[in-house]
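All of these numbers come straight from a predicted model, not from anything done at the bench. Because only heavy atoms are used, hydrogens play no part in the values below, and waters and symmetry mates are left out as well, while side chains stay in.
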Amino acid sequence: MSAAKQLILQSSDLDLPSAMALSCALRNPMDGTAAAAEGIQAWAGERKPEFS
């Protein structure tokens, strides 16, 4: 959630390519984590995620 909030606050003054680059920079550290995998699986299975 903090990355989403940061993106919203910082991207309002950026052009689209810069905002997309910021989005990727904030998302990349989360890719490949157990929480990210659970979130995707829960979404695909139409259920609430169960984070540990």
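- Pairs passing the salt bridge (Lys or Arg N to Asp or Glu O under 4.0 Å) check and including a residue from residues 9-21, sequence neighbours excluded, do not occur.
- Hydrophobic clustering, defined by side-chain heavy atoms of Ile, Leu, Val, Met, Phe, Trp and Tyr closer than 4.5 Å, groups L16 together with M20.
- With sequence neighbours left out, the side-chain contact (heavy atoms from CB on, under 4.5 Å) criterion links A19 to S11, L14.
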Please set out all donor-acceptor pairs under 3.5 angstrom arising from side-chain atoms of residues 21-40, sequence neighbours excluded.
unit_1, atom_1, unit_2, atom_2, d
N28, ND2, C24, O, 3.2
T33, OG1, M30, O, 2.9
T33, OG1, A36, N, 3.1
E38, OE1, R47, NH2, 3.2
E38, OE2, R47, NH1, 2.7
E38, OE2, R47, NH2, 3.3
E38, OE2, E50, N, 2.8

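- By the side-chain hydrogen bond (donor to acceptor under 3.5 Å, both in side chains) test, Q41 is found to be paired with no residue, residues two or more places apart in sequence or in another chain being considered.
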